[in-house]
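What you see is a predicted model; the values in this text were computed from it and never measured.
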Amino acid sequence: MSQFFKENRALFFATFISLLLIPIAWNYAMLSDLPRLEKSRDEITKRAQSYAERIGFDANGFNVAITPAQLQSPSHTTELKFNHSHLEMRRLIEQKQVDIPVWRVLWTKDVPIQSSQESMEITLTASGDVLSMERQYYDTANIAPIPIDSAKALAIAFLEREHGLNVRDTSRFTFLSAKSDERKSFTIQSFVWYDELHANKIGGKKVSVAFVGTMIKSFSHEMIISEAAKEEAFKNAAALFGSRGFLITLVVFVTLILLAVVFLKKYHEGEVGVRGGIVIFSAVLVFGTISLINSAGVSSVFVNFGLSRSFNYFLFLVFGILFGQLVLAGIAFFSWTIGESDARFNKRERQILGADALLQKNFFSKVVGREMLAGMAFGVIACALAIVLIAIGAQFFGIWFGVAGVSVGESILPFSPFWDLATVVTTNVFIRLFLFERILKKWKRKWLAIGIAGLAWAIYYHYFPSVYPFWGSFAGSVIIGIMLSAFSAERGLLAVITAEFVYEFLFREIPLLLAPSAEFWGAGVIDLSIVASLGIFAALAVQRGSEFSFKGSVLPSHVQRISQRARMEEELKIARETQRRLLPQHDPAVKGLDVSGICLPALEVGGDYYDYMKLSDGKFAVVIGDVSGKGVPAAMYMMLVKGVIQFASSVITEPKQVLTETNRLVFQSFKRGTFVSMIYAVIDIKEKTLRYARAGHNPLLLISRSIATISAPMPKGMALGLAESQVFEKTLEETTMSIQSGDTLVFYTDGFIEAKNGDGEEYGEERLLNALRTFANKSASREVVQSICKDVQRFTGFAPQHDDMTIVVVKIL
């Protein structure tokens with residue numbers, strides 16, 4: 001035995017107990033296998049055909065359709081519920097003391113449905129007994145009436161000949177009424193008797209017969225349903241199938257729109273792939289369309305577009321695909337693509353591993369086998385729990401299962417076990433992938449996500465047997481929904497899809513397996529064999545399948561480029577923020593000085609550098625540098641230079657020695673061809689001196705208030721990194737000059753003088769000097785910096801910035 005089976009012994013033991021429990025609890029909870037399906041559809045059709053011929057209906061030229069009797073007679077079971085327990089109701093139906101309409105055979109012509117036409121409809125029980133018939137005549141049919149006594153005699157003879165009902169037996173039948181209804185071209189004469197045969201057990205029955213001339217118009221022999229039962233049945237049906245259906249349809253379309261909006265946002269951000277979504281979209285559309293085609297012959301009969309039957313069928317398919325299957329497939333597509341992305345974010349790829357294996361065509365893999373087997377086991381458990389809940393509710397809380405009879409019209413068509421698969425897949429991908437992962441991503445609470453997903457399943461899907469009153473059905477749906485959501489969170493998406501499929505499959509197939517007719521139990525056995533073969537496949541995959549690791553959807557090439565670009569932009573944004581923090585965060589407060597600086601990178605990050613350092617004895621150092629090149633490489637070199645300068649300035653006081661030591665490390669570390677121009681200046685406030693060295697950088701500018709000139713010595717020196725220490729030190733000069741209050745020192749990089757306008761003209765040194773003459777008299781260094789930057793901006797206009805721009809202004813107070 002493999003490790004998987006050892007680890008899941010408790011799960012499989014619970015499944016075994018559930019398989020024993022289901023048939024035991026079924027009789028205490030369900031009516032959907034009653035009445036038992038004794039006759040095949042062909043036998044029912046032949047009986048109806050024979051009956052129609054005997055009463056004078058010629059079916060030549062008519063189309064015949066055999067469908068389930070609509071709503072499976074909730075009014076009958078509601079009436080029984082007033083006076084009988086669940087087990088008594090089962091016994092009355094089994095003993096055929098209550099006739100439940102199961103089959104509806106309809107003959108029509110392919111003409112507009114709302115036009116005047118001739119038709120015949122016969123309703124039969126599961127055993128083939130005719131419960132009612134209704135024949136429609138053309139409005140223009142000219143049929144001569146007969147005396148009402150003659151019509152009554154025909155009715156009595158008809159009942160005795162065709163239905164074995166001797167209404168002349170006054171010990172059983174009581175004549176209630178005779179009525180004539182004049183129409184335009186014929187008269188309907190109807191007669192009603194009261195049948196007391198089972199009045200003491202189920203109440204009386206009503207026998208109704210109507211004739212048009214000598215031709216039978218209608219017949220019914222049905223249990224009398226009280227107004228209270230009709231009202232409650234209508235109320236229950238409305239709660240289960242009425243306004244909720246419209247609201248769910250509205251919610252589905254709103255859901256599709258919201259999902260599309262979220263998808264487009266994430267798609268353009270490069271966060272989602274579409275390959276897996278496309279596969280799911282296609283699978284849901286194919287399964288849904290097959291289901292629609294199979295059911296169209298039955299379901300389209302109940303849909304009236306006012307056109308011919310054949311065109312009605314065609315429109316049913318078109319509208320079903322456009323507004324049904326395509327919508328479901330769209331929800332599945334968007335839910336998978338977004339949910340997969342969120343699962344990755346939540347580090348929960350394991351939860352979609354089995355589904356991803358199927359999407360990647362790794363069908364025979366261990367993870368597929370594990371999730372399918374666990375899902376099938378849990379589906380059996382969920383089915384047993386639902387039946388037990390109904391039984392307990394019936395025993396203690398007054399709820400009851402109000403629908404008798406299996407939906408025979410759809411049960412044995414091709415692919416019927418997989419009819420609900422499209423809806424099951426869509427529901428689970430939306431609720432237990434998209435919704436679950438979204439909630440988990442936002443609130444980080446697993447059980448909150450499980451609870452909301454379970455409640456959403458109950459509201460959105462609500463697959464629970466039709467229990468009355470409605471609160472019982474909804475409460476059961478919430479319990480099952482939360483169970484399935486918890487199972488999904490633990491076992492994975494493929495597991496819960498399989499579990500829900502098996503859960504619904506059992507409710508559909510058990511009545512077939514219990515049917516006496518070989519057509520139905522045979523169909524049930526075939527369907528069960530298909531599902532069992534999937535279980536065998538899953539078990540083999542667990543034992544012998546291949547391992548599979550999560551791959552996920554491959555992003556389209558353009559989305560990959562968008563994603564890569566977005567990632568690079570985010571990384572550059574982080575780099576820019578990091579570099580910004582390496583530069584001075586605010587203007588320094590230095591006694592006797594007013595200092596301000598700014599660095600404007602041409603790209604997200606740049607190679608310009610400036611810094612301030614407070615030295616011993618009240619001295620203050622200013623350094624400005626420009627690394628060759630731009631962008632990320634220049635920024636990386638700049639960060640290295642910053643570290644070297646800060647270290648050197650902490651142990652060396654002379655500017656020349658600081659630059660020499662910096663050059664030694666730069667020359668060793670930088671690749672050849674990369675260099676740094678720099679000025680390192682030390683201001684002695686007490687002595688009113690400026691001592692500095694220039695390593696190939698733009699000249700220092702001194703605006704002297706006393707002589708109104710712009711001048712400063714320009715010592716020699718080559719850029720850092722171009723030569724080894726001995727050569728560099730020989731060429732580097734250090735200068736000392738006097739400064740006085742009112743003087744302004746300006747350090748800048750060549751980005752200012754090389755800034756270009758739209759015509760390619762440079763700002764130049766002359767414009768910079770003129771700007772300094774204009775703005776140097778401003779009271780604060782910050783104002784000077786801002787004025788210079790604005791002047792350059794006015795010159796360049798909308799032309800792009802080509803180089804990093806850095807300036808430091810120092811006013812001597």
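Taken from OG in Ser365 to CG in Leu353, the straight-line distance is 7.5 Å, to the nearest 0.5 Å. Interatomic distance, CD1 of Ile321 versus CG of Leu328, reported as 12.5 Å (0.5 Å rounding). Going from atom CD1 of Ile497 over to atom CZ of Arg432 covers 9.5 Å, rounded to the nearest 0.5 Å. Going from atom CD1 of Ile753 over to atom CD of Glu762 covers 7.5 Å, rounded to the nearest 0.5 Å. Rounded to the nearest 0.5 Å, atoms CD (Glu754) and CG (Asp803) are 6.0 Å apart. For the atom pair CG of Leu700 and CG of Leu690, the computed distance is 6.0 Å after rounding to the nearest 0.5 Å.
Residue Tyr609 is tested with Thr806, Ile624, Leu583 for a side chain to side chain contact (heavy atoms under 4.5 Å, CB included); the sole match is Leu583. No option in Phe334, Tyr460, Trp457 other than Tyr460 meets the ring-ring contact (aromatic ring centres under 6.0 Å, His included) test with Phe430. Among the candidates Glu661, Glu734, Glu733, the single residue satisfying the side chain to side chain contact (heavy atoms under 4.5 Å, CB included) test with Lys656 is Glu734. Tested against Tyr748, the residues Val808, Val809, Ile807 include a single side chain to side chain contact (heavy atoms under 4.5 Å, CB included) partner, Ile807.
Under a 3.5 Å cut-off, the side chain of Asp617 and the backbone N or O of Lys619 do not form any donor-acceptor pair. Side-chain atoms of Ser741 do not come within 3.5 Å of backbone N or O of Ile812 as any donor-acceptor pair. Side chain of Glu654 to backbone of Val658: no donor-acceptor contact under 3.5 angstrom is found. Side chain of Asp626 to main chain of Asp608: no donor-acceptor pair is present (N/O by atom type, distance under 3.5 Å, no hydrogens or angles). Without hydrogens or angle criteria, Asn663 side chain to Ala723 main chain gives a donor-acceptor distance under 3.5 Å.
Ring planes of Tyr610 and Tyr612: perpendicular class, angle over 60° (limits at 30 and 60°). The aromatic rings of Tyr763 and Phe795 sit perpendicular to each other, their planes meeting at more than 60°, with 30° as the lower class boundary.
Taking the side chain as every heavy atom from C-beta outward, Arg694 and Met714 approach each other to under 4.5 Å. Within the 4.5 Å cutoff, the side chain of Val644 has no heavy atoms near those of the Phe647 side chain. With a 4.5 Å cut-off on side-chain heavy atoms, Lys811 and Arg782 do not count as touching. With contacts defined as side-chain heavy-atom distances shorter than 4.5 Å, the pair Ile331/Val252 qualifies. Between Leu768 and Val746 the shortest side-chain heavy-atom distance does not fall below 4.5 Å. Inter-residue side-chain proximity for Trp336 and Leu359 is flagged as met; some heavy-atom pair is nearer than 4.5 Å. A heavy-atom distance below 4.5 Å is found between the side chains of Phe436 and Ile450. Side chains of Gln801 and Pro601 form no contact here, defined as non-hydrogen atoms less than 4.5 Å apart.
Of all heavy-atom pairs between Val595 and Ser781, the closest is C-OG, 3.4 Å. Shortest non-hydrogen contact noted between Thr796 and Lys756 is CG2-O, 3.3 Å. Nearest heavy atoms, Ala489 versus Arg348: O-NH1, 4.0 Å. Shortest non-hydrogen contact noted between Pro715 and Thr735 is CB-OG1, 3.3 Å. The two residues Glu371 and Arg350 have their closest heavy-atom pair at OE2-O, 4.2 Å. For Lys614 against Phe620, the heavy-atom pair with the smallest separation is CG-CD1, 4.0 Å.
Ser596 and Asp587 form a side-chain donor-acceptor contact under 3.5 Å, judged by distance and modelled atom types alone. Remark: the Asn770 side chain and the Arg767 side chain contain no N/O donor-acceptor pair separated by less than 3.5 Å.
At most 12 non-hydrogen atoms from other residues, nucleotides or ligands lie less than 6.0 angstrom from CZ of Phe675. More than 12 heavy-atom neighbours from other residues, nucleotides or ligands sit within 6.0 angstrom of NZ on Lys444. Residue-environment remark: CD (Gln646) exceeds the threshold of 12 foreign heavy atoms within 6.0 Å. For Gln726, the CD atom is loosely surrounded, since the number of other residues' heavy atoms within 6.0 Å does not exceed 12.
Aromatic ring centres of Phe263 and Phe333: separated by under 6.0 Å. Aromatic ring centres of Phe667 and Phe728: separated by at least 6.0 Å.
Evaluation of the salt bridge (charged side-chain N to carboxylate O under 4.0 Å, His left out) rule for Lys642 yields Asp611 as partners, not counting sequence neighbours. Scored by the salt bridge (charged side-chain N to carboxylate O under 4.0 Å, His left out) test, Lys265 finds Glu269 as partners (sequence neighbours excluded).
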With side chain to side chain contact (heavy atoms under 4.5 Å, CB included) as the criterion, how do Leu285 and Leu326 come out once you've worked through the C-alpha distance, each side chain's angles and the decisive distance to 0.1 Å?
CA-CA 6 Å; Leu285 185 59; Leu326 277 174; 3.9 Å; yes
As a quick check of understanding, evaluate salt bridge (charged side-chain N to carboxylate O under 4.0 Å, His left out) for Asp342 and Lys266, giving each step before the final call.
CA-CA 11 Å; Asp342 289 344; Lys266 294 178 78 68; 3.8 Å; yes
Can you check side chain to side chain contact (heavy atoms under 4.5 Å, CB included) on Val368 and Asn362, steps first, answer last?
CA-CA 8 Å; Val368 170; Asn362 289 94; over 6 Å; no
List the steps, then state whether side chain to side chain contact (heavy atoms under 4.5 Å, CB included) holds for Glu729 with Arg664.
CA-CA 10 Å; Glu729 189 172 4; Arg664 184 181 67 81; over 6 Å; no
Steps toward side chain to side chain contact (heavy atoms under 4.5 Å, CB included) verdict (Leu722, Val727)
CA-CA 9 Å; Leu722 292 179; Val727 176; over 6 Å; no
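With respect to Asp743 and Lys688, no salt bridge is recorded, no charged nitrogen being found less than 4.0 Å from a carboxylate O.
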